[in-house]
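Comments concern the structure below.
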Number of protein chains: 2
Amino acid sequence: MIDRYLLRYFLAVIDQGNFSRAAASCNVSQPTLSAGVAKLEASLGRQLFTRSNRRVALTEAGARLVARARRIEAEFLQAEREAGAARAAGRLRLGILSSTPTRWTADFVAALPRDAGEVELVEGRERELIDRLTRGRIDAALTIVRGNPRFAARVLFEEPYLLALSAAHPLSARELLAAEELVDEPMIVRRQCELLGETSRHFTARGVRPFFPARTTSDDRARALVAAGLGITVAPASFGGEGVVMRPLAEFDHRREIGLLASDAALLAHPLLERLADGVAAPAP
Amino acid sequence: MIDRYLLRYFLAVIDQGNFSRAAASCNVSQPTLSAGVAKLEASLGRQLFTRSNRRVALTEAGARLVARARRIEAEFLQAEREAGAARAAGRLRLGILSSTPTRWTADFVAALPRDAGEVELVEGRERELIDRLTRGRIDAALTIVRGNPRFAARVLFEEPYLLALSAAHPLSARELLAAEELVDEPMIVRRQCELLGETSRHFTARGVRPFFPARTTSDDRARALVAAGLGITVAPASFGGEGVVMRPLAEFDHRREIGLLASDAALLAHPLLERLADGVAAPAP
DNA sequence: GCACATTATAGATGGCATCTATGATAGACC
DNA sequence: GGTCTATCATAGATGCCATCTATAATGTGC
C-alpha cells in the first residue's frame, strides 16, 4: 500500500540528492527514510534508485514515478493549504513548544483582547510544530530556533539546560554538580523534552542509572514533583520556579535558542507576536 | 497531516452514501471509518459531512475536496497499477489464505513445471489478500468467497468449522460436543483464523474461559500441538489430519466457502488456477 | 589501504489505526 | 406514542509498524 509519506521520502531523495539530507529535510532519521524508500520499492516491486555511497540515481521505474508523485504531493498540499487559508481568516494560529514555561502562554492569553477567536494555540513538541508550520496548519510557533532556512525566525533569547532540584535538597547549596554525585537520586522524566535522549545518554555513559519515580509530559507537574522532593530532573533554565533550584551540570553544555518561527517573514511583525515576544523574557541568571 | 487512507474513507462515504457501507467497502469497521473521517475533518479544520441517522450530506468544504481527493486516489492507483502490470509479465501472483491447508499449496507447487518464476505465492489473512487484490498486487487468491461483487469468483467447496482434538483424547469418540463440556480443556489459539473472534465469543458466552497453552499463526504447528495432546482448537474441517479428530461443536454452525478470486474473470481460466482448483478437494465428511 | 561519507541492519519503543462492545439518537411503523 | 431499527459516536484494549538510537557494511577517493 503506497502511502503519502513514502512518496514524500521518495521526492526528498530526488530533491536533496542523497538519503541523509533527504531524511533531515523530512525531519526523520536516516534509517527511517531508508526503510521508507525500501518499503516503497517493495510495494511497487521495482527498484527506484541505484545507490552507491557517492551518488543516488533514479532507475527507469523511479523516473516514471516522479511526475506522478509530485502531482500527488502537490494536490495534498493544495488541499491542506485551502483548508488552512480558509480557516485563518484573521486568526493567528500559534504553536507553543511543550517544554516552554506555562507562564509565558498564560500571561499572553491573559493579556489578549476580550473578543475571543483571534488566537488559536497549539501545543506540541519541536518536530510536531515544525511539521505543522510546513503544512500551513499553524502560522507561527514559539519554539527552538535552529537556523532552518525554510522559516523566518526571530530569536528571543538563549538558555542553558540545567539540573533542577528541590530548594530543600541537600545538594541545592552546591554551585556545580556532576553526574557521578547523583547516583542515588531519583530522577523525574520530562518526556516531552527535546533533549531527553541526550540527557539519558549523559548519565548512562557515566554509569548513573537512576530510578525514575515519575514520567510526565507536563512541565508544570514535573516542577511540582521536583519542588516536593520526589526527584531531580534536567530542564531548560526557564523551567525553574518557586521551590526549585537550577544548577549547572558538569560536562553538560547544552543550550537552546528560543524564538519565533513563521513561514512568512512579514508575519513575525504581527502585533500579537510582538506582545508574546515582549512577555517572553530570559530567566534571571 | 492528511494521509491517503483518510481520503479513501472520505470518498467511500460519498460513494456508498453512509458510514457503515463505506466502512465495509474499505474493509474496516464502522468506528474506524468514523474516526478516520473525524480525523480528516480535524486536519482540515472543517466539517466535511452533515450527519444524521438517515442521511449523510457533503458540506461545502467537503464538496470542494471531492475532486481533489479523486485525483489523488486515481494517481495512487495508477502508480500501483503501472508497477504491478509491468511486474506481472506472464507471472501469476497468487494469494493463499493462511487458514488453508499447507498440503494444497505444497501439492500445487510440487506439480509446477520446472521453469521457475512462473508463480509467486503470497500468504496472508483474508483482509490482507482482499487488499492486495484491490491494489493489483496479486492476480488471484485462494481464499474465502463472500460474494463481493468487485471480484470474479469461483467457489470450490464449502466446509464447516469444527472442533479439533487429538485422536487420543477421551472425548474424541463423541459425535457432538458442547462448549460446556470443554471447561477444563486447554485451547490452542490459531491467531490467523478469520473466525477467531466468533469462536472466543462462543465460549465466553457459555462461561467457558479456557487456558491457552499456545497461540500460533501456523496451522501446521497448531495441528501438531493438537495431535500431541497439548490442547484442542476450533478450525475449518480441512484442518484435520493424522492424529487429529474433527467433531462438530453444538450451536456453532459456521461455514465458509473456499474458492478463487480474481479481479478479472478471464484470469479464473488460467491453467495454473485450474490445476490449483483440481488439487483443492473438499475434505472427506 | 586507510579515511570518510553514505546506506543498511538490528533491536527497542511508542503512537496510533484498528478492533469489539456499547451507547446515543432519530426516523419509521403499528 | 412507545418500540424497533438503522445509523453514527464513544470507550477501552490490542497489535502493528513507523520511528528511534546504535552499529555495521559498503564503496569511493586520495
Side-chain angles (χ1 to χ4, degrees), chain A residues 1-6 8-9 12-13 16-24 26-43 47-57 124-128 131 189 191-192 194-202 204-205 215 217, chain B residues 1-6 8-9 12-13 16-24 26-43 47-57 124-128 131 189 191-192 194-202 204-205 215 217:
Chain A
M1 172 72 150
I2 303 182
D3 234 330
R4 179 184 180 182
Y5 75 94
L6 296 175
R8 292 175 65 89
Y9 291 172
V13 171
Q16 303 292 329
N18 72 47
F19 280 43
S20 307
R21 276 200 301 277
C26 293
N27 303 314
V28 299
S29 70
Q30 170 265 316
T32 297
L33 189 128
S34 270
V37 172
K39 179 174 179 186
L40 181 58
E41 293 180 324
S43 274
Q47 186 119 343
L48 294 172
F49 296 107
T50 55
R51 292 102 147 141
S52 87
N53 52 352
R54 281 289 135 192
R55 133 195 31 182
V56 166
R125 300 192 220 181
E126 186 181 6
R127 196 164 65 223
E128 186 183 353
D131 280 352
V189 181
R191 296 185 55 198
Q192 81 286 8
E194 58 278 354
L195 215 70
L196 182 55
E198 193 59 45
T199 305
S200 132
R201 225 171 292 129
H202 178 84
T204 56
R215 300 159 56 87
T217 52
Chain B
M1 169 74 149
I2 304 181
D3 234 330
R4 180 186 180 182
Y5 74 96
L6 297 175
R8 293 175 63 89
Y9 292 173
V13 172
Q16 303 293 329
N18 73 46
F19 281 41
S20 308
R21 275 200 302 278
C26 293
N27 303 312
V28 298
S29 69
Q30 171 266 315
T32 297
L33 190 128
S34 270
V37 171
K39 180 174 178 187
L40 180 59
E41 292 179 325
S43 272
Q47 186 120 341
L48 295 172
F49 297 106
T50 55
R51 291 104 150 138
S52 89
N53 53 350
R54 280 290 135 194
R55 130 194 36 187
V56 166
R125 301 191 220 181
E126 186 180 7
R127 196 166 65 223
E128 185 184 353
D131 279 351
V189 180
R191 298 184 52 198
Q192 80 286 8
E194 58 278 355
L195 213 71
L196 182 55
E198 193 58 45
T199 305
S200 132
R201 223 169 296 130
H202 178 83
T204 56
R215 300 160 56 88
T217 54

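Chain A is the first sequence line, chain B the second, and so forth, proteins listed ahead of strands; every chain is numbered from 1.
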Legend entry - Spacing of B:Phe49 atom CZ relative to D:dT7 atom P, expressed in whole Å: 15 Å
Inset, instruction - Would you indicate which nucleotide in D:dA22, C:dA21, D:dC8 comes nearest to any side-chain atom of B:Arg51? - result: D:dC8
Legend entry - Interatomic distance where CD belongs to B:Glu128 and C1' belongs to C:dT18 [whole Å]: 15 Å
Legend entry - Distance test, side-chain N/O of A:Ser20 to OP1/OP2 of C:dT6, below 4.0 Å: no
Legend entry - Heavy-atom check, side chain of A:Lys39 versus side chain of A:Tyr9, under 4.5 Å: no
Legend entry - nucleotides 12-18 of chain D: protein proximity per nucleotide (B base, S sugar-phosphate only, - neither; heavy atom, under 4.0 Å): ---SS-S
Inset, instruction - Report the distance from atom CD of B:Glu41 to atom P of D:dC8, rounded to the nearest whole Å. - result: 13 Å
Inset, instruction - Identify the heavy atoms of B:Arg4 and A:Asp3 that sit nearest to each other, and give their distance. - result: CB-OD1, 3.4 Å
Inset, instruction - Find out whether B:Val37 and B:Arg51 are in side-chain contact, i.e. whether some heavy atom of one side chain is under 4.5 Å from a heavy atom of the other. - result: yes
Legend entry - B:Arg125 atom CZ, neighbour heavy-atom count above 12 within 6.0 Å: no
Legend entry - Given C:dA10, C:dA21, C:dT6, the nucleotide with the shortest approach to the side chain of B:Arg201: C:dA21
Legend entry - For atom CG of B:Leu33 and atom C1' of C:dT20, their distance in whole Å: 16 Å
Inset, instruction - Starting from P on C:dG14, measure out to CD on A:Gln192 and report it in whole angstrom. - result: 15 Å
Legend entry - Gap separating the CG atom of A:Asn18 from the CG atom of A:Leu33, nearest 0.5 angstrom: 9.5 Å
Inset, instruction - Looking only at side-chain atoms of A:Asn18, point me to the closest of D:dC8, C:dT7, D:dT10. - result: C:dT7
Inset, instruction - Look up atom CD in A:Glu41 and atom CG in A:Leu6, then write down how far apart they are to the nearest 0.5 Å. - result: 11.0 Å
Legend entry - Gap between atoms CZ and C1', on B:Arg8 and C:dT18 respectively (whole Å): 16 Å
Legend entry - Whole-Å distance separating the CD atom of B:Glu194 from the P atom of C:dC19: 16 Å
Inset, instruction - Calculate, to the nearest 0.5 Å, the distance between atoms CZ and CG belonging to A:Arg8 and A:Leu40 respectively. - result: 14.0 Å
Legend entry - Minimum-distance nucleotide (side-chain atoms of B:Arg21 versus C:dT18, D:dT7, C:dA10): D:dT7
Inset, instruction - Mind checking A:Ser29 for me? I need base, sugar-phosphate or nothing, with any heavy atom below 4.0 Å counting as a touch. - result: base
Legend entry - Whole-Å gap separating P (C:dA24) and CD (B:Gln30): 15 Å
